[in-house]
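Quick note: residue numbers are just sequence positions, from 1. These numbers were taken from a predicted model, which means no experiment stands behind them.
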Amino acid sequence: MSHLRLFVRFVFVVAFLASNSLHAAESKKAEEAAAKPPNILLIYTDDHTHRSVSCYPEAFDWVDTPNIDRLAQRGVRFAHAFIGTWCMPSRATLLTGHHQFGVNSMRMEGEYPGSAYDPKQCPFWPSIFRENGYSTCQVGKWHTGVNTGANRDWDHQKVWNRPRYTENSGNYFYDQLIETNGGKPVLTKGYSTDNYTNWAEDYIRGENRDPNKPWYLWVCYGAVHGPFTPAVRHRDAYPTAKVPVPKDIFPPRPGKPAYMQKINFWEPGPNGQPQMIGGSFGGRTVEGATSIHGNTLNGWTRMYHQGVLALDESVGRLVSALEETGQADNTLIVFTSDQGFAWGQHGFKTKLAPYDANIRSPLIISMPGRIPEGKVCEQPVAGVDLVPTFFKFAGLDLPWKMHGHDLTPLLEKPESTWEWPAMVAFSGRSYGADCDRVPKDEDQLKLNGIPWYFSIRQGRYKYIRTLIENEIEELYDIENDPDELTNLALTRKHKKQLLKMRGDLIAELRRTEARIVDRLPNVRGE
């Protein structure tokens, strides 16, 4: 055999052994990663409609959120997510795994947004993660009782405690009183979105945590809540933005309940563009906020979308920190919001109401190597589903009965269906046992004129039951009527579908042990 042939064979054998060794090392690394509990990063924005994220088809064509889009390209985007109805109950759900009516002892008290709860009656699940070897951290807005759970639920916490410092509760973007681990508040300069990202990035890179433990980090942004203030660097963005006028921005709204005929936050402007009645935003704690681009639907919507740009930059920074520290492969990233926000749809300039325009959130979940990439899940899901999913990924048993369902089957096969409807419960400012009975009609309307309701979404249909005596029901075919303009509950043709979904709602209320289920007011015509 020639020397050349021997040399070639030698090179082949060395390459073969090296390849096997590399493959074995990669397999071992993958096995070790699979065996190690994952980190969980929950990026949680505020009043943030899915329509302002450019990977959602409902976004305006001028919207551009490249970092959030990249997250969707590396994970699963949920087309129909209903995390909550407004700030406080949505966060209560993410701390307990329960709908608003199941959050025991939680209550509003004192000056808004003052609130309180009994930790024995209302435990928060991050404490269970702590007991099972996780390091837990929360950064940003806190809106669920003056007790933030510092040193009980969180190993590290740096928060804007709105319920405790009500005089500071309107400072969504500048000059916030920040508590660190339950200590005395410090008046903090800078743009809040950037501050929260700085603190979260520090944590990801190793500050304020045990390097030998997996971690759970909940980053609660205040953006893009009113007064919708964008960062200075973004105030010239979207100069050619145009916003189509929603079809039902002005009343009447045929086929909708009586309260919907009174919703009227907009009026025709002198140039044909709707303008906000009164000239300023009237949300609690941010009364009198004005638009930097003028008091038109176009100006307000443009400013709101500018506020999203700092959130998009923050997502990019946090993902880069994971990649640069070698943690990206073992971190479950969830991007979502407490609920959506309507700009003109059905006459609104708020969240709360049961329509997709008001409450539908973005939801993107990513973990390359474990979750498929670039997929869209069309199945409707709810905020209560996130907590069981976290426990599943962490390999922990649920500490108590929760209202939601583990999303892992949909994450593994996003194109599949599942049997569970997505239920939304709105009971104003009431929680727990205070939701056992329906208040008088006039008492229900104290929160922006919107009464209590339940709704469920399964497949293409959405059902809404308003808790006013002898009020009509609502049924929408979201596939053919995404703007929810035609109430099919009023047609004989859809009677069977209406009765089915009415029954499905009752069944879901019983499953989740909602004591109000046997005291629901009558619907019109029954």
Side-chain angles (χ1 to χ4, degrees), residues 50 58 78-85 99 246-249 251-263 339-340 342 345-348 351-361 378-382 417-427 438 441 444 449-512 514 516-517 519-526:
H50 68 291
E58 295 84 7
F78 285 81
H80 308 278
F82 304 94
I83 307 303
T85 58
H99 288 292
K247 295 178 182 178
D248 63 347
I249 190 170
R253 300 180 183 91
K256 284 191 164 51
Y259 81 93
M260 283 300 300
Q261 311 310 322
K262 301 176 183 179
I263 296 297
Q339 80 289 308
Q345 295 87 355
H346 316 301
F348 285 107
K351 53 257 191 174
L352 302 168
Y355 307 107
D356 280 22
N358 298 73
I359 59 172
R360 188 166 148 197
S361 300
E378 296 287 345
Q379 295 301 308
V381 299
T417 59
W418 70 346
E419 61 181 304
W420 310 111
M423 184 172 76
V424 176
F426 175 73
S427 52
V438 181
D441 292 357
Q444 291 188 47
I450 300 167
W452 289 22
Y453 65 81
F454 294 111
S455 75
I456 59 166
R457 173 75 193 280
Q458 189 165 30
R460 63 193 286 182
Y461 290 103
K462 177 177 177 178
Y463 170 81
I464 303 168
R465 183 159 179 170
T466 301
L467 302 192
I468 298 289
E469 186 72 26
N470 294 319
E471 186 53 272
I472 62 172
E473 298 163 284
E474 295 175 81
L475 177 69
Y476 298 101
D477 180 347
I478 301 299
E479 185 176 305
N480 293 314
D481 179 24
D483 295 329
E484 297 172 270
L485 299 175
T486 303
N487 183 6
L488 301 178
L490 304 180
T491 67
R492 287 183 175 274
K493 180 180 178 181
H494 292 87
K495 183 71 171 181
K496 183 177 179 181
Q497 184 67 36
L498 174 67
L499 293 176
K500 176 188 180 301
M501 296 198 76
R502 183 193 297 170
D504 289 346
L505 173 63
I506 297 297
E508 187 66 4
L509 289 172
R510 292 197 187 283
R511 185 190 70 80
T512 53
I516 197 174
V517 67
R519 299 168 178 148
L520 298 177
N522 295 319
V523 296
R524 188 181 303 177
E526 295 295 323

message: Go through it in stages, so that I can follow the logic: the residues are Gln345 and Asp483, the test is side-chain contact (heavy atoms from CB on, under 4.5 Å), and I'd like the CA-CA distance, side-chain angles, deciding distance and then a yes or no.
response: CA-CA 8 Å; Gln345 295 87 355; Asp483 295 329; over 6 Å; no
query: Given Leu520 and Ile506, is the side-chain contact (heavy atoms from CB on, under 4.5 Å) satisfied, shown in steps?
result: CA-CA 10 Å; Leu520 298 177; Ile506 297 297; 3.5 Å; yes
- prompt: Checking side-chain contact (heavy atoms from CB on, under 4.5 Å) for the pair Ile516/Leu467: CA distance, chi angles, key distance, verdict?
  reply: CA-CA 11 Å; Ile516 197 174; Leu467 302 192; 4.0 Å; yes
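Counting only heavy atoms from C-beta outward, the side chains of Val438 and Glu469 never approach each other to under 4.5 Å. Side-chain contact between Val517 and Phe454 is absent, with no heavy-atom pair separated by less than 4.5 Å. Looking at heavy atoms from C-beta onward, Arg360 lies in side-chain contact with Glu58 at the 4.5 angstrom threshold. Here the side chains of Glu471 and Arg524 are in contact, with some heavy-atom distance below 4.5 Å.
With hydrogens and angles disregarded, a donor-acceptor distance shorter than 3.5 Å links the side chain of Arg253 to the backbone of Ile263. Distance alone, capped at 3.5 Å, is enough to place a donor-acceptor pair between the Glu484 side chain and the Asp356 backbone. The main-chain N or O of His346 is found under 3.5 Å from a side-chain atom of Asp248 such that the two form a donor-acceptor pair.
For the residue pair Phe348 and Ala353, the shortest heavy atom distance occurs at CZ-CB, 3.6 Å. Across Thr466 and Pro451, no two heavy atoms sit closer than the pair CG2-CG, 3.5 Å. Across every non-hydrogen atom of Thr85 and Lys351, the tightest pair is O-CG, 3.4 Å. When all heavy atoms of Leu475 and Ala489 are compared, the closest pair comes out as CB-N, 3.7 Å.
The cationic group of Lys500 does not satisfy the cation-pi geometry with Tyr461, failing either the under 6.0 Å distance to the six-membered ring centre or the 45° limit from the ring axis.
The OH atom of Tyr259 sits 10.0 Å away from atom CD of Gln261, with the distance rounded to the nearest 0.5 Å. Within the model, atoms CG of Asn487 and CD of Glu474 stand 5.5 Å from one another, a figure rounded to the nearest 0.5 Å. Taking CG of Leu488 as the start and CE of Met501 as the end, the distance is 11.0 Å to the nearest 0.5 Å. Summarising the geometry, atom OH belonging to Tyr355 is positioned 4.5 Å from atom CE belonging to Met260; distances are rounded to the nearest 0.5 Å. Between the CZ atom in Phe82 and the CD atom in Gln339 there is a gap of 12.5 Å [rounded to 0.5 Å]. Remark: Gln458 CD to Leu505 CG distance equals 12.0 Å, nearest 0.5 Å.
Results of the side chain to side chain contact (heavy atoms under 4.5 Å, CB included) test with Ile456 over Asp504, Leu509, Ile464, Val424 single out Asp504 as the only residue that passes. With Glu473 as the partner, the salt bridge (charged side-chain N to carboxylate O under 4.0 Å, His left out) test is satisfied by one option alone out of Lys495, Lys462, Arg502, Arg465: Arg502.
Ring orientation note: the planes of Phe426 and Tyr453 are close to parallel, at an angle under 30° on the 30°/60° scale.
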